[in-house]
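Here is the structure we will look at.
Counting starts at 1 for both ligands and their atoms, following the listed order. Model, not experiment: these values are computed from the prediction.
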Amino acid sequence: MKITIFGSGYVGLVTGACLAEVGNDVLCVDIDANKIAMLEKGEIPIYEPGLQKLVVNNIESGRLSFTTDIAAGVAHGLFQFIAVGTPPDEDGSADLQHVLAVAESIGTHMENYRIVVDKSTVPVGTADKVRDRIRSVLDKRGLNMEFDVVSNPEFLKEGAAVDDFMRPERIIIGTDNPRTTELLRALYTPFNRNHERIFVMDVRSAELTKYAANAMLATKISFMNELANLAERLGADIEQVRIGIGSDPRIGYHFIYPGCGYGGSCFPKDVQALGYTAKQIGYQADLLEAVKTINDRQKEVLFKKIHQHFNGELKGKIIALWGLAFKPNTDDMREAPSRTLMEALWAAGASVQAFDPAAMDETRRIYGNNSNLKLYEAPMDTLANADALVIMTEWNVFRSPDFGEIKTSLKTPVIFDGRNLYDPQRLSREGFTYYAIGRGHPSV
Ligand SMILES: NC(=O)c1ccc[n+]([C@@H]2O[C@H](COP(=O)([O-])OP(=O)(O)OC[C@H]3O[C@@H](n4cnc5c(N)ncnc54)[C@H](O)[C@@H]3O)[C@@H](O)[C@H]2O)c1
């Protein structure tokens, strides 16, 4: 099948490469000429395990190509995927300018029937807006051409995106047209072999399903962080509590890790956008508000602990930081808790020596030549002259370090662990002052 994908970011590029891998003829369109130039050479602008090989193989096989030529994109595919960003607007709503710009382009250039597939995360009612925009452009062109708009939200996780796309837990198709349903079923058949994963529903329910999934996951995290803060103050250990509640199959062990707050390009903006949607229709979404408030607070917990430990005297202190990406196996720094912490440390006069296995280029891009930030090529190198070590991201490489070496390298043996990677008793035996989340040492 011929497929065009607008937007070659995390979602668009993975979607394009995976659809090409199963035999389709895919053209990826992006307005970022630098990105397209890189991709044409088989260079991947993001860190995503397995993606580079997939892209290169499919370019070589002639099934995957890239362009900035929008008209060529509209001419190419029966399926026109929209996978552009939907960042938060100033008021917290999802900014639909990129989605509607693609709709405008499709209306401007289409010459025959097209199925417009919305993969971006968009508020309920967006498919109607996309349809209206295309229709109004066609009207201006004096054309009464047929097209369909389908909602097909994406559930891949950064860090496991290729695997998630190739072996999805669900494929949501929101449409009210049986013919489109059949065409999309055919498109997704290669990913639906093991058992039925395709769920067909009305467009609005499909749009809401994506927000519901992210809001639920964010709620789990904020719930555990709330409990962690309580545990700290009550003299309980949240890790014991986590194991105790996870054993109940109605609760389960997945996604109930306390930490230093959720980040990334999805949870923060999607919780906010759903809250905004609620407000617009006069509904008070108290739970969503609380999820966001708790997360904003949680992102400050590590700074509060550090501030308290050093009696507020952070000027001139050097803090070693392991992990910059918002989670392991990605270089994505959008809304990463590391940014909140680093910016608070700098404001207090401290400097940071950091390492991340994938996100250092992205950190350089964001913070440029900041004299209060030094990046090192190995975790242990960050410790020289440092007053404390902070764990921000639970990369595997940080899970079992040489504590003896850490102790001799740091000026004082103190660790602030935002991911509860270590055993408090062991660290105490090794002579560390160890601060974790929800395991003693309450922050003010
Ligand atoms: N990143 C994730 O893990 C993830 C997972 C599921 C869903 N989503 C959703 O998917 C959407 C895309 O997210 P992303 O992380 O891939 O974004 P991204 O920022 O990585 O990529 C978006 C791309 O779209 C391009 N673009 C913007 N306007 C364009 C236009 N008019 N024509 C062509 N290209 C254009 C940009 O240049 C950019 O390369 C968002 O709505 C997001 O919420 C993201």
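Atom CZ of Phe223 has 12 or fewer neighbouring heavy atoms from other residues, nucleotides or ligands inside a 6.0 Å radius. In this structure, Lys220 places its NZ atom where more than 12 heavy-atom neighbours from other residues, nucleotides or ligands lie under 6.0 Å away.
Closest to atom 23 (C) of ligand 1, if we only count protein heavy atoms, is Asp30 OD2, 3.7 Å. Scanning the protein heavy atoms around atom 27 (C) of ligand 1, the nearest turns out to be Ile31 CD1, 3.8 Å. Among all non-hydrogen protein atoms, the one lying nearest atom 2 (C) of ligand 1 is Glu158 OE2, 3.4 Å. For atom 15 (O) of ligand 1, the closest non-hydrogen atom on the protein side is Arg334 NH2, 3.1 Å. With hydrogens left out, the protein atom closest to atom 12 (C) of ligand 1 is Val84 O, 3.4 Å, a heavy atom.
Using cut-offs of 30° and 60° for the angle between ring planes, the Tyr188 and Phe165 rings count as tilted.
Atoms OG1 and CD, on Thr330 and Glu362 in that order, are 9.0 Å from each other to the nearest 0.5 Å. Atom CE of Met224 is separated from atom CD1 of Ile294 by 12.5 Å, given to the nearest 0.5 angstrom.
A salt bridge links Lys292 to Asp296: one of the charged nitrogens lies within less than 4.0 Å of a carboxylate oxygen. At a threshold of 4.0 Å, the pair Asp128-Arg204 counts as salt-bridged, since one of the basic side-chain nitrogens sits closer than that to a carboxylate oxygen.
Taking distance alone, with nitrogen or oxygen atoms compared against 3.5 Å, Lys119 stays at or beyond that limit from ligand 1. By the 3.5 Å distance cut-off applied to N or O atoms, Thr86 is counted among the residues near ligand 1. Considering both main-chain and side-chain atoms, Val102 never comes within under 3.5 Å of ligand 1 through any nitrogen or oxygen pair. The N/O atoms of Asp270, backbone and side chain alike, include none that comes under 3.5 Å of an N/O atom in ligand 1. The shortest N or O to N or O distance between Lys157 and ligand 1 is not below 3.5 Å. Distances between N or O atoms of Lys210 and those of ligand 1 include no value under 3.5 Å.
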Task: Stepwise ring-ring contact (aromatic ring centres under 6.0 Å, His included) test for Trp322 and Phe398 - done: CA-CA 8 Å; Trp322 287 3; Phe398 304 145; 5.2 Å; yes
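Contacts between Ser265 and ligand 1, counted as non-hydrogen atom pairs separated by less than 4.0 Å, involve the side chain only.
Contact atoms of ligand 1 toward Gly85: 22 (C) (distance under 4.0 Å to a heavy atom of the residue). Proximity to Val29 (heavy-atom distance under 4.0 Å) selects the following atoms of ligand 1: 33 (C), 34 (N). Those atoms of ligand 1 that come under 4.0 Å of a heavy atom in Glu154, given as number and element, are 6 (C), 7 (C).
Cation-pi contact between Lys2 and Phe79: absent, since separation from the ring centre below 6.0 Å together with deviation from the ring axis within 45° is not met.
Of the candidates Asn225, Asn295, Asn214, Tyr262 forms a side-chain contact (heavy atoms from CB on, under 4.5 Å) with just one, namely Asn295.
With Val14, Val11, Asp95 as candidates, the residue nearest to atom 4 (C) of ligand 1 on a non-hydrogen basis is Val11.
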